[in-house]
Novice: 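Before we start, here is the structure in question, set down as structure tokens.
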Protein chains: 2
Amino acid sequence: MATTAPPNPAPAPKRARRGSGAVTLHDVARLAAVAPITASRALNTPEQVSPEVRQRVTEAVAALGYVRNHQAGALASARSRLVAAVVPTLSGPVFGPMLQALTEALAERGYQLMLGQSGYVDSREDALLDAIIGRRPDGIVLTGVERSPEARRLLLASGIPVVETWDLTPAPLDLLVGFSHADVGHAVAQFLVQRGRRQLAVVAGDDERSRRRERAFCQAAAEAGLPAVRVIRVPAPTTLKRGRQALCQLCESGPAVEAVFCSSDLLALGVLTEAQARGLAVPAALAVVGFGDQDFAADLNPALSSVRIDGQAMGRQAAQFVVDRAEGRDIPERVVDLGFSLIERGST
Amino acid sequence: MATTAPPNPAPAPKRARRGSGAVTLHDVARLAAVAPITASRALNTPEQVSPEVRQRVTEAVAALGYVRNHQAGALASARSRLVAAVVPTLSGPVFGPMLQALTEALAERGYQLMLGQSGYVDSREDALLDAIIGRRPDGIVLTGVERSPEARRLLLASGIPVVETWDLTPAPLDLLVGFSHADVGHAVAQFLVQRGRRQLAVVAGDDERSRRRERAFCQAAAEAGLPAVRVIRVPAPTTLKRGRQALCQLCESGPAVEAVFCSSDLLALGVLTEAQARGLAVPAALAVVGFGDQDFAADLNPALSSVRIDGQAMGRQAAQFVVDRAEGRDIPERVVDLGFSLIERGST
DNA sequence: GTGAAAGCGCTAACAC
DNA sequence: GTGTTAGCGCTTTCAC
């Protein structure tokens with residue numbers, strides 16, 4: 001067979017092959033002796049395929065060690081089964097529970113999370129959104145409701161379902177799950193007033209949502225006829241140290257402060273720590289309320305009163321929204337107010 | 001020209017179109033009056049294209065509001081610019097700083113993070129890995145070095161660069177950045193011995209890495225001729241409450257404990273809190289050492305001694321590894337030991 | 001520096 | 001239930 005040049009050589013490929021050399025669905029189909037599309041159906045919609053074929057395909061997959069290529073599937077079907085989430089930051093405890101629940105709820109339904117961090121700067125969010133939309137996720141989960149005009153334009157033009165979280169607004173981009181920060185501020189102020197505290201203070205992060213809680217808190221205090229609330233703004237991230245420093249500042253000026261509302265439990269722990277270091281009795285002389293109800297709040301000594309936000313429920317609801325949209329289900333209620341609860345403990 | 005039926009009508013499409021209707025690179029190319037491949041080059045490798053063409057393409061992109069489709073690009077080029085990371089859990093403070101730095105370092109280089117949570121169960125990791133590999137990321141960042149045989153097989157067969165983190169091993173799958181948990185346990189024990197403590201205890205999470213620190217700690221204590229270390233294992237996640245409970249248990253049995261090494265700062269804060277509640281003087285009667293050096297450790301009262309791990313450096317190094325591999329650069333050192341530092345503060 | 005052709009690996013649409 | 005065909009939107013290869 002090697003004496004002369006073969007008369008009909010296999011036509012030489014005109015160009016080099018490109019493939020990664022990996023096992024493809026075509027290989028599986030060939031081994032199972034079916035058409036590629038049938039192999040595809042056997043994997044994606046097994047009920048559309050006869051049991052024998054299903055079996056043969058399953059065996060071929062195992063024999064070849066085939067792992068599906070979702071990228072190719074996504075391109076062909078225009079469904080990536082990827083969902084993007086954007087949070088300000090991952091260091092810090094705030095968004096962990098939401099992301100955890102979101103990731104899990106998505107994974108259960110066959111979706112994967114893509115994560116981005118916007119920092120607390122608009123321009124970063126815009127660039128990130130561009131990178132994200134370029135990947136054609138089936139949904140985008142965003143933190144907060146404040147967007148640059150450019151971001152709104154990009155999101156709307158993309159046609160991708162968007163879920164805003166951690167806040168409420170009368171004009172959501174699309175879907176929304178959150179709670180009212182103004183109501184939180186109001187509720188905490190009223191609570192402290194009812195407990196007879198008059199010299200109130202706020203230690204707040206400098207992000208928009210903290211400021212909304214702070215403003216509502218001050219307003220409610222004013223409506224109750226209290227002296228002006230003293231406000232200390234601390235830069236992100238809010239830490240124990242900033243809490244200690246804030247209480248120092250409060251102690252050095254004006255009449256003795258009787259209650260502090262902190263925009264995170266870590267800040268509150270700082271206030272508690274500094275109070276202890278100064279021999280200031282909590283709650284007798286000073287009441288402290290945190291925000292977030294981190295798992296450590298309940299077991300501090302004294303236990304910390306805090307505003308509980310159900311981050312996990314927020315994550316699950318966001319996942320539900322996105323998946324419902326991606327799978328074409330009707331969504332009657334596009335806004336979910338998760339509310340909050342003020343948990344009273346030893347620190348008040 | 002419009003008097004009769006055109007002799008050569010555009011051939012009617014034989015089937016319905018599928019496209020999403022979105023603007024594609026072809027549209028951009030047409031508007032810029034160049035071939036699609038030229039438009040592609042103008043966006044990806046602008047230096048390969050004349051300034052005029054670059055300009056026309058840029059204008060066309062802006063005019064049409066074009067957003068590139070990375071999925072299609074990934075399929076054609078076999079480079080997704082997606083990197084997967086798998087952590088046990090997102091709730092809890094441990095992996096935040098690493099993920100934050102990883103995400104940022106990747107974003108700077110044009111890569112996007114895909115996130116998965118394995119829980120602390122092997123089978124979940126296997127399923128997750130399958131979902132991840134199906135998305136063809138350019139790299140996979142994993143937590144720890146213990147994998148099921150199935151996971152190893154999948155990863156190796158995929159040919160995707162893998163970075164293991166948060167640990168060391170003589171037999172990494174591929175790339176590795178971490179530190180020695182045994183060395184940590186050893187160092188903390190020695191430190192306490194030198195401070196004259198003899199009745200030692202460990203409060204450890206029940207994950208593999210905590211147990212390795214614990215074992216080395218016990219061994220070092222034994223070598224120093226100390227009485228047996230009392231060990232309390234707590235289930236994940238490690239919380240303040242578990243720390244309080246652990247100290248209660250320790251106080252109820254045996255001789256008075258003189259030093260506790262906790263496998264997280266939150267556990268240590270629990271021990272500190274319970275000690276305070278019981279009137280146990282820290283550090284006079286009881287020394288406490290944490291792990292992780294969360295940002296609150298330094299500002300507690302007393303300040304908490306802890307083992308500092310540079311999670312951000314770990315994230316940056318992992319990003320560097322993955323990107324170097326994805327871009328075909330040579331990697332001379334495939335293992336990076338980041339070490340740790342034992343930070344002495346008021347609690348010891 | 002620019003372009004034509006040929007896929008990447010998969011699935012929607014339409015037949016049978 | 002199964003197969004044929006024709007792409008999804010991009011980039012590789014090769015040619016000028």
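Treat the numbers as computed from the prediction; the structure is a model and nothing was measured. Letters A, B, ... are given to chains in the order of the sequence lines, protein chains preceding strands, and every chain is numbered from 1.
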Novice: Taking the side chain as everything from C-beta on, heavy atoms only, tell me whether B:Leu25 gets closer than 4.5 Å to B:Tyr66.
Specialist: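 Of all side-chain heavy-atom pairs linking B:Tyr66 with B:Leu25, at least one is under 4.5 Å.
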Novice: How about A:Val67 and B:Leu154: do any of their side-chain heavy atoms sit closer than 4.5 Å?
Specialist: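 A side-chain contact under 4.5 Å exists here.
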Novice: Return yes if a side-chain donor-acceptor contact under 3.5 Å exists between A:Asn44 and A:Arg68, otherwise no.
Specialist: yes
Novice: Who passes side-chain hydrogen bond (donor to acceptor under 3.5 Å, both in side chains) against A:Thr103, sequence neighbours left out?
Specialist: none
Novice: Find the distance A:Asp27:CG to C:dG9:C1' and express it as a whole number of Å.
Specialist: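 In whole Å, C:dG9 C1' and A:Asp27 CG are 10 Å from each other.
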Novice: A:Pro161: which residues meet the side chain to side chain contact (heavy atoms under 4.5 Å, CB included) condition with it, sequence neighbours left out?
Specialist: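 Checked A:Pro161 against side chain to side chain contact (heavy atoms under 4.5 Å, CB included); matches are A:Asp174, A:Arg325.
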Novice: A:Arg147: what forms a side-chain hydrogen bond (donor to acceptor under 3.5 Å, both in side chains) with it, not counting sequence neighbours?
Specialist: A:Glu125, A:Glu164
Novice: Checking A:Gln112 side chain against B:Leu115 main chain: does a donor-acceptor pair fall under 3.5 Å?
Specialist: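 Yes, the answer is positive, given that a donor and an acceptor are paired below the 3.5 Å cut-off.
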Novice: Which residues pass the side-chain hydrogen bond (donor to acceptor under 3.5 Å, both in side chains) test with B:Gln55, not counting sequence neighbours?
Specialist: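 For B:Gln55 the side-chain hydrogen bond (donor to acceptor under 3.5 Å, both in side chains) partners, ignoring immediate neighbours, are B:Glu59.
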Novice: By a strict heavy-atom criterion of less than 4.0 Å, which residues belonging to residues 28-60 of chain B are in contact with DNA chain D?
Specialist: B:Ile37, B:Ser40, B:Asn44
Novice: Compare the minimum distances between each of C:dC10, D:dT12, C:dG9 and the side chain of B:Leu75, then state the nucleotide with the smallest one.
Specialist: C:dG9
Novice: For A:Arg135 and D:dG9, give me the distance from atom CZ to atom C1', rounded to whole Å.
Specialist: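 These atoms are roughly 15 Å apart.
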Novice: Whole Å only: how far is the CG atom of B:Leu25 from the P atom of C:dA4?
Specialist: 14 Å
Novice: NE2 of B:His26 versus C1' of C:dA5: gap in Å, rounded?
Specialist: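 So the two atoms are 11 Å apart, to the nearest Å.
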Novice: Within residues 61-72 of chain A, find the residues that approach DNA chain D with a heavy atom at under 4.0 Å, and present them sorted by residue number.
Specialist: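 None, since no heavy atom is under 4.0 Å.
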